[in-house]
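Here is the structure we will look at, set down as structure tokens.
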There are 2 protein chains.
Amino acid sequence: MADPSTSPPLTRASVQAAHALIKPYIHITPVLTNTTLNQLASSPLAPAAALASTPTPAPAPARPVLRFWFKCENLQRIGAFKVRGAFHAVERLKAEPGWAEAGGREKGVVTHSSGNHAQALALAARTANIPAHIVMPSISAPPKIAATKGYGATVVFSGSTSTEREAATAEVIAQTGARLVPPYDHPDIVLGQGTAALELQAQFQELTSDPTRFLHAIITPCGGGGLLSGTALASEGTPTKVFGAEPSFQGADDARRAYYSASGERIPVVKTLTIADGLRTPVGAVPWSIIYERRLVSGIYAVSEDEIKAALRLVYERMKLVVEPSAVVGLAVALFNEEFRTMVEKEGGDEGWDLGIVFSGGNVSLDALGKLFA
Amino acid sequence: MADPSTSPPLTRASVQAAHALIKPYIHITPVLTNTTLNQLASSPLAPAAALASTPTPAPAPARPVLRFWFKCENLQRIGAFKVRGAFHAVERLKAEPGWAEAGGREKGVVTHSSGNHAQALALAARTANIPAHIVMPSISAPPKIAATKGYGATVVFSGSTSTEREAATAEVIAQTGARLVPPYDHPDIVLGQGTAALELQAQFQELTSDPTRFLHAIITPCGGGGLLSGTALASEGTPTKVFGAEPSFQGADDARRAYYSASGERIPVVKTLTIADGLRTPVGAVPWSIIYERRLVSGIYAVSEDEIKAALRLVYERMKLVVEPSAVVGLAVALFNEEFRTMVEKEGGDEGWDLGIVFSGGNVSLDALGKLFA
């Protein structure tokens, strides 16, 4: 990872520069629409369901008008948006003065991850022809280990607590001199992840044949916050508002809770087993500075496990897309969160909103899916 | 259904005319590629697997070079290519001299189907603002009944034998005067289904930026044969060869068996419970006249249930697409059928083949999927 102090400023222009850097390595993923889901979202919830997600009883369910524009990062390389940040981090590293001269190409990169970031960094490193060391808990699912090795990375096993993982990572760094590429808490990663929103906006203009039109809003999942904060940077200075979505299960909505708290203090520890397993991490400091301190995110909403499952089922059955549970929390908010829907009704009126939804990834095993819907 | 004697001739030009008629009502579905699947298909099978699917022991597994172009009819309206034939049949009916004058609009259309054709005809009829009567076995899956009713059709229940279904259909016709729109055995249906191949060919030329280039071949599933024979018509007179794919389980490969039999007689009855449930029907007379009698199909290949499941898993995990088991039999042939692969190696040589694969549909319940991969 390039030294954060050498990172470009956290601005829309830097996201555009990141896009130019990584474009040769990533897919321009399709943007899809779906009439059935638009109709569903634009119909009021049954009163009971509407009440369930509202803190105070509402007089009548909201009647927002919503047109969805789905950015399909599940169809991205390695099946998730994470390659954007990983390729950007590696490209920035290659450009760091003195890095190659100090043997950086031989030392390579290292991270600890059992998720999409592991495969993303492995692919980016292989493409740059540098070694990647990936620290994974020894209890990781065998297909994930195999996939990471499949991209040519060296997998190093550790215990599964964060202390054990960090110790194993520190040991790899001591032994190899590899540079750490964290999954979200770094400017280069945030800037890379923001590129999905840039594409989405451009594709929306193409699809509507109106180069001056902007989405009213974009909603993305929020785990470590890389995607959400990158999207916020990509949208700064445009008419597009940015919202975050989290699972509420066992306090997984740390960003939402902090965002609406009196202190605005980031919550650094979360322990949750939400089915949206990509969103079990607390939001990082760099993302939080964009999301909250710079006020570039207009709101954060949470949904229940059942609402995530219902959204997942709709995407499988109606859109015929394989997405992981984490990918649909934004859609679940738009379909089921009465506070969000009331806000859209109020702000969008009869014209309604064009809402960009980022499907963040599609890496879910068929066995896990089978269990989810058994 | 228009009287078959009034149907356009079974030619490529008639498929083009059908496309012009139905274009306002259907999606131009995307054509996707996948590097991983290309690599997999272009690697020789493990010798044991290669031997398993070959009637005589082969000296070495085939080494074909394959580049896939996936036509995603799972992303079509109602989730399957069947809307193409249904819309074409209804459009042709509307154009039939005297039909409206004789009260055709009030009498509407009827079919018996518990599958994709039911929903396709329901949608086409609703769009034309005419009634649709759909005869379904009373044991049909409730979501399929609900979906068909959801498109505004009147569902009529019957017993599940073909005699009972036909009797119920005859009764509907006697009572309402509705016109029968069969699922595949009619020229108008065949011409409609062929339009997917026309689009695929044009999209291939666009994607390769070469308006003179043709796919070496297209492979489609074969149940009643509407899609396969339509594809063959759409490709007649072009350099593109057309192949059919069937499940071998319990004799579901009726078209393959007839195609290679001494007599070339169509096999009119099939009893199979293959997981590729859209392909349990025997091939129809009109499709057979194109597939076999006119020799417009160059070969038919079969695959096992395990090979279908393996292909299904790859499409879910690698392409992130929801497809029904019937949709992947063509891919399964290209990946696992050693006879097909040997033929491609021989004919394609080092340059290999650009192979169009039609993913016919994506209508599968999550519960069924869960069971399949449990």
Side-chain angles (χ1 to χ4, degrees), chain A residues 25 27-36 39-40 70 72-81 116 119 123 127 141 143-144 146-147 150-151 309-325 327-328 359-374, chain B residues 25 27-36 39-40 70 72-81 116 119 123 127 141 143-144 146-147 150-151 309-325 327-328 359-374:
Chain A
Y25 309 115
H27 289 329
I28 306 289
T29 52
V31 170
L32 299 181
T33 58
N34 190 279
T35 315
T36 307
Q39 283 171 352
L40 205 57
F70 299 101
C72 294
E73 288 289 292
N74 58 323
L75 305 178
Q76 185 53 269
R77 293 185 76 184
I78 75 110
F81 73 94
N116 292 334
Q119 293 175 52
L123 174 64
T127 307
K144 293 205 170 182
Y151 289 114
K309 273 193 213 175
L312 201 58
R313 185 178 278 275
L314 284 166
V315 175
Y316 274 74
E317 295 189 342
R318 296 300 177 146
M319 296 191 70
K320 314 296 178 194
L321 289 178
V322 174
V323 285
E324 53 190 77
V328 301
F359 282 158
S360 50
N363 290 326
V364 58
S365 77
L366 283 172
D367 313 297
L369 262 186
K371 275 176 208 155
L372 218 54
F373 291 106
Chain B
Y25 309 114
H27 290 329
I28 307 288
T29 52
V31 171
L32 299 182
T33 58
N34 190 280
T35 314
T36 309
Q39 283 171 352
L40 204 58
F70 298 100
C72 295
E73 288 289 293
N74 58 323
L75 305 179
Q76 184 54 269
R77 294 185 76 184
I78 75 110
F81 73 93
N116 292 332
Q119 292 175 51
L123 174 64
T127 307
K144 293 205 170 182
Y151 290 113
K309 273 194 214 175
L312 200 59
R313 185 178 278 273
L314 283 167
V315 175
Y316 274 75
E317 295 189 342
R318 296 300 176 146
M319 297 192 70
K320 314 294 178 194
L321 289 179
V322 174
V323 286
E324 53 190 79
V328 301
F359 282 158
S360 50
N363 289 326
V364 57
S365 77
L366 283 172
D367 313 296
L369 262 186
K371 275 176 210 156
L372 218 53
F373 291 106

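Reminder, nothing fancy here: chain letters follow the sequence lines and each chain counts from 1. The figures that follow rest on heavy atoms only: side chains count, while hydrogens, waters and symmetry mates do not.
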Spatial distance of atom CG (B/D367) from atom CZ (A/R313) [nearest 0.5 Å] =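 CZ of A/R313 is found 5.0 Å from CG of B/D367.
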In this structure, NE2 of A/H27 is separated from OG1 of B/T33 (nearest 0.5 Å) by 7.0 Å
Considering all heavy atoms, the nearest A/V322-B/Y316 contact =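 Minimum heavy-atom separation between A/V322 and B/Y316: CG2-CD2, 3.5 Å.
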Max heavy-atom pair count under 4.5 Å with chain B, selected residue of A/V364, A/N363, A/T36 = A/N363
Under 4.5 Å between any side-chain heavy atoms of A/L321 and B/L321, yes or no?
->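 Side-chain contact under 4.5 Å: yes.
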Do you know which of B/I78, B/L366, B/V323 has the most heavy-atom pairs under 4.5 Å to chain A?
->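 Counting heavy-atom pairs under 4.5 Å, the top option is B/L366.
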Would you mind checking which part of B/N34 comes under 4.5 Å of any heavy atom in chain A, side chain (CB onward), backbone (N, CA, C, O), both or neither?
->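 For B/N34, no heavy atom lies under 4.5 Å from chain A.
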Within the side chain of B/K320, is there an N or O that forms a donor-acceptor pair under 3.5 Å with the backbone of A/L75?
->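 No, because the side chain of B/K320 does not come within donor-acceptor range (under 3.5 Å) of the backbone of A/L75.
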